[in-house]
Amino acid sequence: MNLILFGPPAAGKGTQAKRLVETRNMVQLSTGDMLRAAIASGSELGKRVEGVMQRGELVTDEIVIALIEDRLPEAEAAGGAIFDGFPRTVAQARALDTMLRGRGGGIDLVLRLKVDDEALTRRIAGRFAESGRPDDNPDSFRVRLDAYNAQTAPLIPYYLAAGKLVEIDGMGSVDTVAAAIDGALAGL
Ligand code: AMP
């Protein structure tokens, strides 16, 4: 089974992905985590993406598609992938469909976590203080939200047309959101 956790920054994608990893036999594929690991390791890739990420802009499709492609065999062996923060553009979604089709698979469901902008801004205000992430500051967060609205939100009609999109109310507690996700997955 392959799932996408979809939504704006700070919608709770990472939290819910980690819970799904614990409760199901799946691998979390977070391009954000992979890029942060590249920066921490001081690699060439890390050096290339550091400034872009810090500003809150998207890195190129080419970079994140290659990162995901590398990890697909591992996810397949484990029983499936939970894509977290990928795809973020229509080009990435098309590339993902092609890669999965080439391996005889596909996306089963896209779980769209819906959280309104006001709640996101409130949540992130708490995170700025404690996260230590250089892109968790008001200026970068605004850029990340704008990137979501301009480049990532067009994936909603893309997956709607494919009949893959399920909307999850992301405003409740972690447990309430988790229960809604389990309900959606039970219908598969
Ligand atoms: P995240 O941890 O998912 O919020 O990602 C943090 C940052 O990494 C984003 O603001 C982008 O700069 C970069 N990033 C992560 N995933 C992608 C992606 N799929 N496409 C482009 N940039 C990405």
Side-chain angles (χ1 to χ4, degrees), residues 2-21 26-72 75 81-100 107 110-115 117 119-156 158-159 164 168 170 177:
N2 292 308
L3 305 174
I4 295 175
L5 274 173
F6 184 87
K13 301 187 294 293
T15 304
Q16 295 299 333
K18 286 189 176 64
R19 197 195 59 94
L20 285 168
V21 166
M26 299 176 86
V27 169
Q28 177 190 9
L29 295 185
S30 158
T31 39
D33 285 350
M34 294 177 211
L35 293 165
R36 279 184 288 276
I39 293 171
S41 77
S43 68
E44 270 313 304
L45 171 65
K47 291 193 185 100
R48 265 173 75 194
V49 300
E50 192 165 13
V52 177
M53 276 179 79
Q54 198 157 336
R55 288 194 296 277
E57 296 162 8
L58 295 188
V59 310
T60 65
D61 290 335
E62 195 194 1
I63 287 175
V64 287
I65 290 166
L67 287 172
I68 288 290
E69 192 162 28
D70 268 4
R71 299 284 301 276
L72 284 182
I82 302 157
F83 296 99
D84 161 16
F86 180 92
R88 262 176 157 97
T89 65
V90 172
Q92 291 175 24
R94 291 211 174 101
L96 181 61
D97 281 343
T98 306
M99 291 190 285
L100 292 175
I107 292 295
V110 179
L111 298 155
R112 176 190 178 197
L113 299 183
K114 284 190 81 177
V115 181
D117 278 9
L120 289 178
T121 311
R122 243 183 292 121
R123 275 187 196 185
I124 199 73
R127 205 162 96 174
F128 290 152
E130 58 200 60
S131 87
R133 266 178 64 164
D135 60 348
D136 273 349
N137 61 72
D139 288 344
S140 300
F141 188 74
R142 186 71 248 166
V143 177
R144 286 161 65 200
L145 209 49
D146 288 348
Y148 171 80
N149 287 321
Q151 291 164 276
T152 308
L155 290 179
I156 295 167
Y158 178 88
Y159 285 118
K164 302 275 161 95
I168 304 285
V177 176

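All ligand and atom numbering here is 1-based and tracks the order in the structure.
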**Q** Extract all N/O-N/O pairs under 3.5 Å that connect ligand 1 to the protein, and present each with both atom names and the distance rounded to 0.1 Å.
**A**
from: ligand 1; atom 1: 2 (O); to: Arg36; atom 2: NH1; distance (Å): 3.0
from: ligand 1; atom 1: 2 (O); to: Arg36; atom 2: NH2; distance (Å): 2.9
from: ligand 1; atom 1: 3 (O); to: Arg88; atom 2: NH1; distance (Å): 3.0
from: ligand 1; atom 1: 3 (O); to: Arg88; atom 2: NH2; distance (Å): 3.2
from: ligand 1; atom 1: 4 (O); to: Arg88; atom 2: NH2; distance (Å): 3.2
from: ligand 1; atom 1: 4 (O); to: Arg133; atom 2: NH2; distance (Å): 3.3
from: ligand 1; atom 1: 5 (O); to: Arg88; atom 2: NH2; distance (Å): 3.4
from: ligand 1; atom 1: 12 (O); to: Glu57; atom 2: O; distance (Å): 2.5
from: ligand 1; atom 1: 16 (N); to: Thr31; atom 2: OG1; distance (Å): 2.8
from: ligand 1; atom 1: 16 (N); to: Gly85; atom 2: O; distance (Å): 3.4
from: ligand 1; atom 1: 16 (N); to: Arg88; atom 2: NH1; distance (Å): 3.0
from: ligand 1; atom 1: 19 (N); to: Gly85; atom 2: O; distance (Å): 3.0
from: ligand 1; atom 1: 19 (N); to: Gln92; atom 2: OE1; distance (Å): 3.0
from: ligand 1; atom 1: 20 (N); to: Gln92; atom 2: NE2; distance (Å): 3.0
from: ligand 1; atom 1: 22 (N); to: Val59; atom 2: N; distance (Å): 3.1

**Q** Hey, what do you get for CD1 (Ile4) to CD1 (Ile107), rounding to the nearest 0.5 Å?
**A** 3.5 Å

**Q** What distance do Leu113 atom CG and Gln16 atom CD have between them, rounded to the nearest 0.5 Å?
**A**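 Here the interatomic distance stands at 6.5 Å.
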
**Q** Who are the side-chain hydrogen bond (donor to acceptor under 3.5 Å, both in side chains) partners of Asp97, not counting sequence neighbours?
**A** Tyr158

**Q** What pairs meet the salt bridge (Lys or Arg N to Asp or Glu O under 4.0 Å) rule with one or both residues in residues 30-41, with sequence neighbours excluded?
**A** Asp33-Arg36

**Q** Is the number of heavy atoms from other residues, nucleotides or ligands under 6.0 Å of Arg127 CZ greater than 12?
**A**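 Yes - once you tally the heavy atoms of other residues, nucleotides and ligands closer than 6.0 Å, there are more than 12.
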
**Q** Suppose we screen for side-chain hydrogen bond (donor to acceptor under 3.5 Å, both in side chains). Which residues come up paired with Thr89, at least two apart in sequence or across chains?
**A** Asp61

